[in-house]
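What follows is one structure encoded as structure tokens, with my remarks underneath.
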Amino acid sequence: MKVIVIGAGIGGLTLACKLALGGIIPEVYDSAPRLEPIGLGINLLPHAVKVMQEIGVLDAIATRSIETYESTFFNRFGQHIYSEPAGRHAGYDLPQYSVHRGDLHGPLLERFTEIAGEDHVHVSHRCVGYEQNETGVVVHFQDTVTGEVLPSVHGDILIGADGIHSVIRKSLHPHEGDPVYSGVNMWRGSVVHKPFLNGANMTRIGWLSTGKLVLYPMRDNVDGAGNQLINWVVEIETPKYKDKRDWNKEGSFDDFMWAFEDMKFDWLDVPALLRSTTKVMEFPMVDQDPLPFWTRGRVTLLGDAAHPMYPRGSNGAGQAILDGKALGDALVAAATDPLAALKVYETERLPATTKVVLTNRATPPDIILKEVFDRTGDKPFTRIEDVISLQELSGLSSNYKKIAGYDREQLALR
Ligand SMILES: Cc1cc2nc3c(=O)[nH]c(=O)nc-3n(C[C@H](O)[C@H](O)[C@H](O)COP(=O)(O)OP(=O)(O)OC[C@H]3O[C@@H](n4cnc5c(N)ncnc54)[C@H](O)[C@@H]3O)c2cc1C
């Protein structure tokens, strides 16, 4: 079986590794001229960590990342709302990691090359279209740098793992509506900083109306002096966004610092941390309505190409990884009937990811912050117990885990 994967991102490479481990070596094409360790932070929850273990990259990721100890919520006055342990500290079999995207992408690429050998990842190949019939699929490419037309490639199956601007998705759904803007703009960055709280904390502060900040360390002791590389994301309600989604778009401090100038807590000086960042990136919080189907004949979608979601539950990469596992397993199990395997994959993954997309719109984990914001009228509280009970707080959190597929009991059964 010849499988063509468009996109050597997190989802595409997870699939490539699963296929190669099952004896099917795919050809992977990416538009980037070079595959570099770009991006910022990603949270790898236990369901995705389990897949990384299966593929054999867990040790490589573990040595380059931070094992998350707990997830903690504060209001904008720095008052503690709720904490819950993460990964192994919460009784999961496996840890949760906070990792630089490059430190997840790199091990996946290295592992695929190790199993499949060199020459199965083709860079500077921008997919521009394809045709399919009963016997196969023909995929067309352009050189990203020169614009020159490259030789077309024949295969049995085509997987669109080509991210948020997927051309394969466009071909399957040419009349799809525009992306849905959440009304929230995001600014992102990373900064070398001394550890705060317990040095392994996923921290959320404030609320979208007045400015929310998510921050976590993703590399330890980056300078030999004990400082960490901290990832941060600012999210603020912003009626209109300027540009379309671009992971490489630079942003400006002037657009968001006003919301954080007063956040000087005894455990963290937020404005000082943000200002010491050298480069700020900007990204609108945009998703797309769930699709009615991903598969037509020999072609299917995976990861962000299939289900772009608001990054409010640390699940963008995780769900792409789960897709890669499900599709890899289905194709390996049904090697003589790959079209049936695509159906098996879609039946498993489309409804599951639809729920995550919709839940990220309505009740993601940070709904805890909204509840406290609303109930206190954005004022400091005297006792959190008088605002919201511990039971209610943990209920909000565990509901999301069930929907996103990393509830501890569900995961142990799987
Ligand atoms: C440069 C970059 C930086 C990112 N930074 C972050 C971050 O800091 N935090 C975060 O949470 N998520 C980030 N993401 C997104 C994150 O990787 C995904 O949301 C998630 O991992 C799902 O993975 P995916 O494989 O579906 O998509 P991606 O990991 O985005 O991979 C898609 C791949 O498809 C390739 N591609 C796109 N169009 C074509 C085409 N026409 N032909 C061939 N190849 C094509 C892209 O070059 C890319 O390598 C980033 C993605 C990219 C591409």
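Each ligand, and each atom within it, is numbered from 1 in the order the structure gives. The figures here come from the full heavy-atom set of this structure, side chains too, leaving out hydrogens, waters and symmetry mates.
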Check your understanding: Identify the closest protein heavy atom to atom 16 (C) of ligand 1: which residue and atom is it, and at what distance?
Key -> R101 NE, 3.9 Å
Check your understanding: Within the structure, does L40 bring an N/O atom to less than 3.5 angstrom of an N/O atom in ligand 1?
Key -> yes
Practice item. Go through the structure and list residues passing side-chain contact (heavy atoms from CB on, under 4.5 Å) with S394, not counting sequence neighbours. Key: Y82
Review point. Can you list the ligand 1 atoms lying under 4.0 Å from a non-hydrogen atom of R126?
Key: 41 (N), 42 (N)
Practice item. Considering only non-hydrogen protein atoms, determine which one is nearest to atom 18 (C) of ligand 1 and report residue, atom name and distance to 0.1 Å. Key: D304 OD2, 3.1 Å
Revision key, fill the gap. Under 4.0 Å from one or more heavy atoms of I38, ligand 1 contributes atoms 1 (C)
Practice item. If you have a sec, work out which protein heavy atom is nearest atom 11 (O) of ligand 1 and how many Å separate them, to one decimal? Key: I42 CG1, 3.6 Å
Practice item. Give a yes or no on whether a salt bridge exists between D323 and R349, defined as a side-chain N under 4.0 angstrom from a carboxylate O. Key: yes
Exercise for review: State plainly whether the residues D143 and R126 are in salt-bridge range, i.e. N to O under 4.0 Å.
Suggested key: no
Point to revise | Donor-acceptor side-chain pairing of E131 and H140 below 3.5 angstrom | key: yes
Practice item. Return yes or no for this condition: an N or O of A320 is under 3.5 Å from an N or O of ligand 1. Key: no
Check your understanding: Relative to each other, are the rings of H125 and F141 parallel, tilted or perpendicular (30° and 60° limits)?
Key -> perpendicular
Exercise for review: Enumerate the atoms of ligand 1 whose separation from the nearest heavy atom of G7 is less than 4.0 angstrom.
Suggested key: 33 (C), 34 (O), 35 (C)
Review point. Any salt bridge between R361 and D289, counting N to O under 4.0 Å?
Key: yes
Review point. Does a side-chain N-to-carboxylate-O contact under 4.0 Å join R64 and E110?
Key: yes
Check your understanding: D156: what forms a side-chain contact (heavy atoms from CB on, under 4.5 Å) with it, not counting sequence neighbours?
Key -> M1, K2, R298
Review point. N/O to N/O below 3.5 Å, does that happen between G41 and ligand 1?
Key: yes
Check your understanding: Quick one: which of W247, F283, Y29 has a heavy atom closest to atom 52 (C) of ligand 1?
Key -> W247
Review point. Given S98, which of N43, N201, N231 fulfils the side-chain hydrogen bond (donor to acceptor under 3.5 Å, both in side chains) condition?
Key: N43
Point to revise | Nitrogen or oxygen atoms of A32 and ligand 1 under 3.5 Å apart | key: no
Revision key, fill the gap. For G303, the atoms of ligand 1 under 4.0 Å from one of its heavy atoms are 26 (O)
Review point. Nearest protein heavy-atom contact for atom 42 (N) of ligand 1: which residue, which atom, what distance?
Key: C127 N, 2.9 Å
Practice item. For P308 and ligand 1, answer yes if some heavy atom of the residue is under 4.0 Å from a ligand atom, otherwise no. Key: no
Check your understanding: Starting from atom 35 (C) of ligand 1, which protein heavy atom do you reach first, and at what distance in Å?
Key -> D30 OD2, 3.3 Å
Study note, to complete from the structure: heavy-atom search around atom 31 (O) of ligand 1 in the protein gives G9 CA, 3.3 Å
Exercise for review: Please identify which atoms of ligand 1 are closer than 4.0 Å to at least one heavy atom of G11.
Suggested key: 23 (O), 24 (P), 25 (O)
**Study point:** Minimum-distance pair of heavy atoms, taken over all atoms of S397 and E84
**Key:** OG-OE2, 2.7 Å
Exercise for review: Could you find the nearest protein heavy atom to atom 38 (N) of ligand 1 and give me its residue, atom name and distance?
Suggested key: D162 O, 3.5 Å
Revision key, fill the gap. A student checking ligand 1 against H125 at a 4.0 Å heavy-atom cut-off should list atoms 42 (N), 43 (C)
Exercise for review: Compute the ring centroids of W232 and Y216, then answer whether they are less than 6.0 Å apart.
Suggested key: no
Check your understanding: To the nearest 0.1 Å, how far is atom 20 (C) of ligand 1 from its closest protein heavy atom, and which atom is that?
Key -> A317 CA, 3.7 Å
Practice item. Measure the distances from the heavy atoms of R188 to every atom of ligand 1 and state whether one is below 4.0 angstrom. Key: yes
Check your understanding: Which ligand 1 atoms are under 4.0 Å away from a heavy-atom of A161?
Key -> 32 (C), 33 (C), 34 (O)
Revision key, fill the gap. Residues K325 and T14: closest non-hydrogen pair is N-CG2, 4.2 Å
Review point. Can we say E67 and R88 salt-bridge, meaning some charged N sits less than 4.0 Å from an Asp/Glu carboxylate O?
Key: yes
